[in-house]
Structures are given as C-alpha cells and as structure tokens.
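Everything below concerns the one structure shown next.
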Amino acid sequence: MNGLLLAIDQGTTSTRAIVFDTAGHIGGAAQQELKLHTPQNGWVEQDAEDIWRDTQAVCRAALAQSEASASEIIAIGITNQRETTIVWDRKTGQPVCKAIVWQDRRTADFCARLKEHEDTVRQKTGLLLDPYFSGTKIKWMLDNVSGAREKAQRGELAFGTVDSFLLWRLTGGKVHATDATNASRTLLFNIVTQDWDDDLLALFDVPRSMLPEVRDNSCLFGTTDILGAEIPVAGMAGDQQAALVGQACFVPGMVKSTYGTGCFALANIGPDFRVSKSGMLTTVGYRLGGKTTYVIEGAIFVAGAAVQWLRDGLGIIKSAEESEDLARSVADNGGVYMVPGFVGLGAPYWNPHARGALVGLTRGATSAHVVRAALEAQAYQTRDLLQAITDDAGYPINELRIDGGMVKNDWVCQFLADMTATPVLRPQVIETTALGAAYLAGLHAGVFSSLDDIQKNWHCAHRFAPAMKEPEREKLYAGWNHAVKQVLA
Ligand code: ADP
C-alpha cells in the first residue's frame, strides 16, 4: 500500500512530528522544544496550550518537509510522555490549570499516607503508590483549583493524559478517549479487568464521569482536519510502549531498552498479568483486538542526564559525543564508579532519598575516568534491571534491543553487551517511539496486516556481541554493587 503515516511524539522536553513511508523510512520531521515550569521545589508543570500549539505547528512543518499533501497521509498515530495530567472544561475546552508533569512530587505526602493500600493497588494496577502516576495529580487539581471538585461532580470536567487531550483537540472536542497503555499509568485503571476501578476511584477521590473511554492501541479514535484533509487518528500509545512496538518486541522474553534522559527497559511477558517480586512495575505493553499483552518495566531515572551533567554541571566535556573518545582514552575505570542517583534511585532500589556519588577516587583519577564511570553506570543499572526482569518473568533474556539518543555511542553499546553478557542490537531506525505510533496507526489502516508484518520491517543495523571475560565482568559488577551499598547506607 502506498501513502504515508504521521506520528505525533509529544515528549517531556519537546514535541515532534515525523512522516514515515510504509517501509518505516523517514520522509519529514519537525521538532519544537517545550517549556517546563517549576514554580516551587518539587513542582513541575507545563502549559497544555503550548503542547497543543506546538503539536499543530510540528505536524504542518513535518508534512511540508516531506513535500507530501495532507491527503497522502493514511493515518496519524499519537505517542506521548506518560502520566502527565491535564484536566479541562468540557464546554470551553480550556484546561483548569497547568498540566502536572510526571516528574512532579507535590503529592508525595498523600502517597505516603496511603501506603497501607499499596498491596491492593499493586494487585490491580501493577504500579507502586508514587506521585509519578496520574491518580494523585488529578485529586490535587480537584482539591486545589477553585470550584473544580463541584464542577467535576456535575460532570463538567474531563481528565486526560497528553494523548487524550490531543485527541480531544484534534477532533474538535468530539472524542474523549485514551488507550490501554496510557490508562495503565493512572493508578485508576485495573489492568486485569481492563476497566476503571471503583475502589481505586474512591481511594483517590476521582469521579468516574471525568475519565476517558479506554480503547485498544490500534483503532479508529476519530478524525482530524488540522492539516486540511480529513485524516483518521488510528494509533495511540505511551512513549515507552510505542518504543516496544517500534522495536517489534512481540514475543514473551523480548526486551527493549531506551536510553534518553532516563532509561526504560520493558520486557514482554505475554497475556498473563503478574505482579513483580523484584521492585519492577507490571503494565500494559499493548492491547490489540481486545487482547492485552503485559510487560515488566524498570526505570533508571538518570541515563543521558548524567552525560548532560558532565557537560553542564562539571564542564569536563563540551559535547555528549566527546564522552565516547574520553571513555576509550583510559584502559579501565581506575576503580572509579558513579552512582547517578541525582533524583533518588529507581528500579529495583526505589529509594527517593538516595543521592548521587562518585566513589573510588584516588590521586590517579582523571576526568576521563569520571566520564567513563558515568557511561559504565548505564550498563550496571541495566544489568540490575535485566536481573530483576529475569527473576520476575522466568525467561532468559536472549538479546537486548536498544534505542534513544545515547545509543549513538558505540562504546556504551559494547560495554552494555559486555556487562550484561547479552547481545545488544541497535536497529536501523532509532526513532522507535515515533515509529511505533506510526505502526499502530498503520495496523488499523491496513498498511500492515499483522504484528508479523511489522516485525519484518525491523532491521538490525549493528549487533554488539559480549566480549568481556567473566572474571573481569564480575569484578567490575562487584565494584558497582559496593558503590550502590555506600549510597544506600
Ligand atoms: P530524550 O528523548 O529523553 O530527550 P534523547 O533520546 O534525545 O532523549 O537522548 C538525549 C540524551 O542522550 C541526552 O541526555 C544526551 O546527553 C545523551 N547523548 C546523546 N548523544 C550521546 C553520546 N554520543 N554519548 C553519550 N550520551 C549521549
């Protein structure tokens, strides 16, 4: 089938649109940085109107760059930063306040007060009680925006994560819907029954009338005319789940890991829900034709952000790319380890109070050792996650599919393979998040007849085979574990 697919990739730091042909090649792309507001310590907000304005602008710019006309776009797919919460007035379409971004910690005390319910929450949602997810952010808005709770009780307000807000705007207020992956990050959606859960709605004090309808990831969500032709919106998924689809991880045991600002590893565990025993999350990977595939997810908060800190905080590199040559310039890490717990430690430690550390410094340590330690840390943390995934899933992990800005660094990829003793595969298209959204749209539009068809589009550009001898690998990993213990102490 000829024609093009348009992916909207609404991320935390920027909004992007990419036009793909049906073989997954990029025909046009545009990007707009997005402003973050931090009005108080621990608060992180964005303006939903900025998100909407930028989305329209990048869609038009990407289409112009592809030199195609709107009528050549077969379908649109949306992927987005997850958990970020927007509440708007159904009549006016106006948000009641700024969007509360996933990083926002303002509801930490409320989450702590609910701790006794964590087990129930985990059995229904696969998540932990943490301010990261949307549920407590909605409650905060209802409790703190003047008149909001009364309006919500009267059914006048709508809640959505960014996907649903964009869909509402794209369809001129006609459709209030989300998809199962985005719903699975709210703490309100029961991922076993695949419905909003009345017990959870009561716990978080959120009226059901505010919530969007939850649909499959690939279906007709609505149509939009913002580009001058009526185009179906036919795919939707949260960013990490879209990357899972873009990496074609459709078989239980397949794992993708994305190295951007942070790192997210998702492992397909198939159709059976299972609560993690190793501090990981269980979440919806994708839902197609009413059938849910679950994943185990682990997050490392600081990946590429550590490289940004070397550049902007320490000033020991001028660009992220420079980190590769510096890491190669020393024979080993010289005993230096960086635990990049700048904002606490994520899975499998979940310690919000931990802070970063550089350990093992001697007079022989140079800036190259520090840079190397920051890059090595990504591989140690990945090994921690893969170990937890293996314990949970009970599957051996045969390969790791990687993407994100950091994987342009060959040294990182090779060290990742060495430290995890797992082949690491870098695909031809590393824009896997946007590609996944395009695939989901294309699946509904008939561009692809099945997941097998999508799998055939996935091509490995580089395979990094593990080359390190076991004693060296274990010695290095023991050094990492020792450093983490010092941080946790
Ligand atoms: P996000 O989508 O989270 O904004 P990207 O996937 O665009 O992130 O990746 C950007 C991150 O990758 C930055 O934090 C940057 O420091 C890091 N990065 C980019 N190039 C390299 C490189 N060659 N080596 C190491 N890190 C890199």
Side-chain angles (χ1 to χ4, degrees), residues 7-18 26 29-36 44 46 51 54 58 79-84 101-103 162 237-244 246-247 256-266 299-329 338 340 342-343 346 356 367-368 370-382 401-416 424 426-427 429-437 461-462 464:
I8 296 172
D9 179 0
Q10 204 302 304
T12 315
T13 52
S14 73
T15 305
R16 301 195 300 166
I18 300 183
I26 295 176
Q31 178 164 353
Q32 177 70 47
E33 297 298 315
L34 180 63
K35 198 170 154 70
L36 274 181
V44 187
Q46 283 176 336
I51 291 177
D54 294 351
V58 294
T79 180
N80 54 291
Q81 53 170 316
R82 302 176 300 174
E83 300 102 9
T84 295
V101 177
W102 56 273
Q103 295 152 328
V162 172
D239 52 9
Q240 298 309 321
Q241 283 91 340
L244 184 84
Q247 288 275 32
K256 77 89 201 172
S257 195
T258 302
Y259 298 84
T261 308
C263 161
F264 292 87
L266 268 65
I300 298 169
F301 297 140
V302 173
V307 178
Q308 285 169 349
W309 178 73
L310 296 175
R311 188 192 62 193
D312 306 333
L314 276 192
I316 57 175
I317 52 173
K318 287 199 189 64
S319 68
E321 292 70 33
E322 227 181 88
S323 65
E324 179 161 355
D325 283 346
L326 269 170
R328 284 186 201 283
S329 74
M338 179 193 286
F342 298 93
V343 289
S367 55
V370 173
V371 169
R372 185 165 170 142
L375 299 185
E376 284 190 357
Q378 309 317 320
Y380 300 130
Q381 294 184 98
T382 303
R401 296 188 172 192
I402 57 165
D403 51 68
M406 215 176 174
V407 310
K408 285 179 269 179
N409 187 320
D410 285 353
W411 190 88
V412 168
C413 301
Q414 184 56 51
F415 193 77
L416 204 49
V424 166
R426 185 169 65 195
V429 181
I430 61 169
E431 293 289 353
T432 50
T433 305
L435 185 61
H462 199 124
F464 297 86

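For the numbers below, each heavy atom of this structure counts, side chains included, while hydrogens, waters and symmetry mates do not. Residues: numbered from 1 along the sequence shown. Whatever order the structure lists ligands and atoms in, that order sets their numbers, starting from 1.
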So, the side chain of Arg401 versus the backbone of Lys256: is there a donor-acceptor pair under 3.5 Å, distance only? no
(message) I need the contact residues for ligand 1: any residue with a non-hydrogen atom closer than 4.0 Å to the ligand, ordered by chain then number.
(response)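 Residues near ligand 1: Thr13, Gly260, Thr261, Gly304, Ala305, Val307, Gln308, Ala320, Glu321, Ser323, Gly404, Gly405, Met406, Asn409.
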- Message: Within the structure provided, determine whether Val407 and Val424 are in side-chain contact (heavy-atom separation under 4.5 Å).
- Response: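 Val407 does not reach Val424 side chain to side chain.
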Practice item. Mind checking side chain to side chain contact (heavy atoms under 4.5 Å, CB included) for Asn409 and listing every partner two or more places apart, or none if nothing turns up? Key: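 Partners of Asn409 under the side chain to side chain contact (heavy atoms under 4.5 Å, CB included) test: Ser323, Glu324, Leu375, Trp411, Val412.
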Set of residues satisfying side chain to side chain contact (heavy atoms under 4.5 Å, CB included) with respect to Glu431, sequence neighbours excluded: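 Residues passing side chain to side chain contact (heavy atoms under 4.5 Å, CB included) with Glu431: Arg16, Ile18, Ile26, Val429.
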Regarding Lys318 and Glu322, does a basic nitrogen lie under 4.0 Å from an acidic carboxylate oxygen?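 Salt bridge absent between Lys318 and Glu322.
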For residues 405-415, the salt bridge (Lys or Arg N to Asp or Glu O under 4.0 Å) pairs (sequence neighbours left out) are Asp410-Arg426
